Amino acid sequence: MFTVVPMQRGGCMVRVAVVGSYGAGLTMRVPRSPDAGETVSGGVFSPGPGGKGSNQAIGAARLGARVSLLTAVGDDDFGRAARALWREEGVATDHVLTAGAPTMVGFILVEPSGENRIAIAPGALDELDAAAVEPFRAEIAAADILVVSMEIPEEAVAAALRAGRDAGTATLLNPAPARPLPDDLWPLIDVITPNQTEAPVLLGLPGDHGLEDEELVRRLCERTGGAAVLTRGGEGALVAREGVTTRVPPHPARTVVDTTGAGDSFTAALAVALAEGRPLAEATSFAACAGAHTVTIAGVVPALPTRDQLSVLMGTDR
């Protein structure tokens with residue numbers, strides 16, 4: 001166990017740059033999903049902010065980092081609500097684009113069993129291209145770490161990682177939703193953080209690959225030439241760097257209410273701990289603690305922890 005301290009490096013607040021998505025989630029819990037042409041009543045509706053980039057930016061800011069965000073929203077109520085949320089959370093939005101298309105929206109139908117059906121309209125995110133990354137290069141260069149996720153066009157992912165490498169800024173790729181990565185992107189990644197389902201997809205392996213987690217994380221590490229963190233849910237994580245694999249145990253959650261935002265919370269906490277200069281295994285343990293906090297609270301943004309909340313959870317003082 002380690003002490004949770006205010007996040008500083010060299011006496012200054014650490015800086016995190018985030019390139020990723022924002023979207024509005026429109027969720028309806030229904031007695032059952034309708035068949036074609038059928039209307040089902042009795043649903044319970046709940047809207048909320050989402051998108052991996054936005055969640056990770058807010059998570060990092062709550063943990064004490066100075067955060068700048070690059071994403072795209074529409075000139076609509078969802079986009080205005082997003083900007084108000086980021087102002088409230090202390091996330092810098094000078095480089096958030098206002099696109100011609102509407103803000104990304106996801107429609108989610110959830111049955112009593114938990115089975116869900118999701119339809120997504122990317123909208124504004126389709127306009128987040130390589131050119132949009134250029135004005136953000138100064139923010140990337142000034143950051144201690146760059147966090148990129150893959151709910152945005154691949155050309156924006158590639159441009160952001162290249163900007164990080166050009167500037168000498170540490171790069172962290174959260175490869176979700178997973179898809180095979182082009183060969184030229186792997187060397188641009190300092191830390192990659194897939195889960196057990198995403199790892200084989202990234203490596204282009206078939207579903208019946210039969211590899212143990214230790215082999216998966218080793219191969220990921222070899223592809224990047226940097227480090228890999230394989231998240232394993234209730235089994236914790238595996239960390240690989242320079243040929244050495246370390247098991248990081250899970251942080252037990254008091255109760256599990258909603259796992260939706262755990263991955264984004266983990267990524268945000270890992271990024272800020274690495275920016276602070278913590279060793280990778282220690283940073284991963286800190287991230288596991290953040291994820292354990294998040295699953296105890298319904299909703300994503302309400303569940304992202306503050307530094308003080310993690311101090312209480314870990315039984316330490318700041």
Side-chain angles (χ1 to χ4, degrees), residues 16-21 52-53 56 70-72 120 122 125-134 136-137 139-141 143-232 237-246 263-264 266-267 270-271 274-275 280 283-284:
V16 177
V18 178
V19 179
S21 59
K52 301 190 74 62
Q56 291 162 8
L70 172 61
T71 189
I120 293 176
L125 292 182
D126 283 341
E127 299 184 26
L128 196 63
D129 56 14
V133 176
E134 287 301 307
F136 198 63
R137 276 181 169 265
E139 294 292 336
I140 293 173
D144 295 291
I145 194 166
L146 165 68
V147 179
V148 183
S149 53
M150 293 172 57
E151 285 182 330
I152 57 178
E154 188 172 290
E155 63 178 298
V157 171
L161 292 173
R162 289 194 182 99
R165 179 61 77 241
D166 291 345
T169 299
T171 59
L172 187 160
L173 178 66
N174 176 224
R179 54 184 181 265
L181 292 179
D183 289 342
D184 60 338
L185 289 192
W186 286 97
L188 306 177
I189 303 165
D190 290 312
V191 183
I192 192 166
T193 61
N195 61 28
Q196 291 163 297
T197 301
E198 294 158 351
V201 175
L202 293 168
L203 292 167
L205 297 173
D208 58 350
H209 58 81
L211 298 179
E212 298 292 335
D213 287 348
E214 288 78 3
E215 178 64 15
L216 287 174
V217 76
R218 185 188 67 79
R219 292 193 183 191
L220 289 165
C221 189
E222 288 178 349
R223 292 298 304 272
T224 66
V229 178
L230 181 70
T231 60
R232 308 167 76 206
L238 286 176
V239 173
R241 168 170 273 170
E242 298 179 345
V244 178
T245 300
T246 304
D264 292 337
F266 181 99
T267 299
L270 179 66
L274 291 174
L280 182 61
T284 301

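Computation of the quantities below employed the complete heavy-atom set of this structure, encompassing side-chain atoms and omitting hydrogens, waters and symmetry-equivalent molecules. None of the values given here were measured: they were computed from a predicted structure.
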Q.
Which heavy atom of Pro194 sits nearest to which heavy atom of Ala199, and what is that distance?
A. CB-N, 3.8 Å
Q. Do the non-hydrogen side-chain atoms of Phe266 and Asn174 ever get within less than 4.5 Å of each other?
A. no
Q) Out of curiosity, His209 NE2 to Leu216 CG, how far, rounded to the nearest 0.5 Å? A) 5.0 Å
Q. Quick check: does any side chain N or O of Glu198 sit under 3.5 Å from a backbone N or O of Asn195, one acting as donor and the other as acceptor?
A. yes
**Q.** Nearest-0.5 Å distance that lies between atom OG1 in Thr246 and atom CG in Leu238
**A.** 9.0 Å
Q.
Just so I know, are the side chains of Ile145 and Asp190 near enough to count as touching, which here means a heavy-atom distance under 4.5 Å?
A. no
Q: Report the distance from atom OG1 of Thr284 to atom CG of Leu274, rounding to the nearest 0.5 Å.
A: 7.0 Å
(Q) Within the structure provided, determine whether Leu181 and Arg223 are in side-chain contact (heavy-atom separation under 4.5 Å). (A) no
Q | Backbone of Leu188 reached by a side-chain donor or acceptor of Thr171 within 3.5 Å | A | yes
Q. Nearest 0.5 Å, what's the CZ-CG distance between Arg232 and Asp213?
A. 4.5 Å
Q. Any idea which heavy atoms bring Val147 and Ala271 closest together, and the distance?
A. CG2-CB, 3.5 Å
Q) Going by heavy atoms in the side chains, are Pro180 and Leu202 under 4.5 Å from each other? A) no
Q: Run the salt-bridge test on Glu215 and Arg218 with the 4.0 Å N-O cut-off and return the result as yes or no.
A: yes
Q: List the atom of Glu155, the atom of Ala130, and the distance in Å for their closest heavy-atom pair.
A: OE1-N, 3.3 Å
Q: Mind running side-chain contact (heavy atoms from CB on, under 4.5 Å) on Glu139 and Leu70 for me, showing each step along the way?
A: CA-CA 10 Å; Glu139 294 292 336; Leu70 172 61; over 6 Å; no
(Q) I need the Thr231 OG1 to Leu270 CG distance, nearest 0.5 Å. (A) 10.5 Å
Q) Got a donor-acceptor contact below 3.5 angstrom from the Glu151 side chain to the Ser21 backbone? A) no
Q) Can you tell me how far CG of Asp129 sits from CD of Glu134, rounded to the nearest 0.5 angstrom? A) 10.0 Å
(Q) Could you walk me through whether Arg162 and Val133 satisfy the side-chain contact (heavy atoms from CB on, under 4.5 Å) test, starting with their C-alpha distance in whole Å, then the side-chain angles of each, then the deciding distance to 0.1 Å, before giving a yes or no? (A) CA-CA 10 Å; Arg162 289 194 182 99; Val133 176; over 6 Å; no
**Q.** Closest non-hydrogen atom pair between Cys221 and Ala240, with its separation
**A.** SG-O, 3.6 Å
